Amino acid sequence: MRDTLLRTRGLVVMAAIVGTLLYFPAGLVVVLVCNLVQLPAESLITFGGALGVFTGLLAWWLIGFAIVLPYAAFIFPWHAKMDGFELPGSSEPR
């Protein structure tokens, strides 16, 4: 039970890190595309004015988090035991 809880916590933290790292570049792309099609970026961020700017940004972060959570669960090598360095005279990485 405790091992599952620790694994889940690590998964959530990793998904939050990946989501946060992708948030700013994705936001820049969205703003640039909005400018190209002459759509006010604020209306997209605030879901047409239904939310404030801060809560809209938080909602978009949560959407991004939900998108990267399966990525973090299935793509990251959670059970890898090597750190990438080879021992001298050994053909296997430790």
Side-chain angles (χ1 to χ4, degrees):
M1 172 78 172
R2 182 179 167 104
D3 188 43
T4 304
L5 193 59
L6 287 174
R7 229 179 290 152
T8 303
R9 186 177 66 183
L11 171 68
V12 169
V13 168
M14 186 58 69
I17 291 170
V18 171
T20 303
L21 286 173
L22 292 177
Y23 189 72
F24 185 71
L28 285 176
V29 169
V30 167
V31 168
L32 289 174
V33 169
C34 284
N35 283 337
L36 286 176
V37 297
Q38 297 190 359
L39 172 75
E42 187 175 348
S43 67
L44 182 67
I45 292 169
T46 62
F47 295 93
L51 300 173
V53 174
F54 179 74
T55 53
L57 289 171
L58 182 61
W60 279 110
W61 184 88
L62 289 172
I63 291 169
F65 176 77
I67 291 170
V68 300
L69 188 61
Y71 169 76
F74 294 110
I75 301 298
F76 284 116
W78 293 106
H79 300 293
K81 299 289 186 206
M82 55 186 249
D83 61 4
F85 297 104
E86 293 183 16
L87 294 172
S90 173
S91 64
E92 289 186 28
R94 59 178 175 138

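Just so you know, these numbers come straight off a predicted model, no measurement behind them.
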Engineer: Could you give the distance from CG (Leu62) to OG1 (Thr55), rounded to the nearest 0.5 Å?
Structural biologist: 11.0 Å
Engineer: Taking only residues two or more places apart in sequence, or in another chain, which ones meet Val53 in a side-chain contact (heavy atoms from CB on, under 4.5 Å)?
Structural biologist: Glu42, Thr46, Leu57
Engineer: Which is it for Leu11 and Leu69 under the side-chain contact (heavy atoms from CB on, under 4.5 Å) test, yes or no, and what are the steps along the way?
Structural biologist: CA-CA 8 Å; Leu11 171 68; Leu69 188 61; 4.1 Å; yes
Engineer: Compare every heavy atom of Val31 with every heavy atom of Ala41, then report the nearest pair and how far apart it is.
Structural biologist: CB-CG2, 4.2 Å
Engineer: Mind listing the closest non-hydrogen atom pair of Leu39 and Ser43 along with its distance?
Structural biologist: CD1-OG, 4.1 Å
Engineer: State which residues pass side-chain contact (heavy atoms from CB on, under 4.5 Å) with Val33; sequence neighbours excluded, sorted by chain then number.
Structural biologist: Val29
Engineer: Following the transitive rule for hydrophobic clusters with a side-chain heavy-atom cut-off under 4.5 Å over Ile, Leu, Val, Met, Phe, Trp and Tyr, establish whether Val13 and Tyr23 coincide in one cluster.
Structural biologist: no
Engineer: May I ask you to test the Trp60-Phe47 pair for a side-chain heavy-atom distance under 4.5 Å?
Structural biologist: yes
Engineer: Apply side-chain contact (heavy atoms from CB on, under 4.5 Å) to Ile67 and list each qualifying residue two or more places apart in sequence or on a separate chain.
Structural biologist: Ile63
Engineer: If hydrophobic clusters are built from ILVMFWY residues whose side chains come within less than 4.5 Å, do Val12 and Ile17 share one?
Structural biologist: no
Engineer: Taking all non-hydrogen atoms of both residues into account, name the closest pair between Phe65 and Ala15 and its distance.
Structural biologist: CE1-CB, 3.6 Å
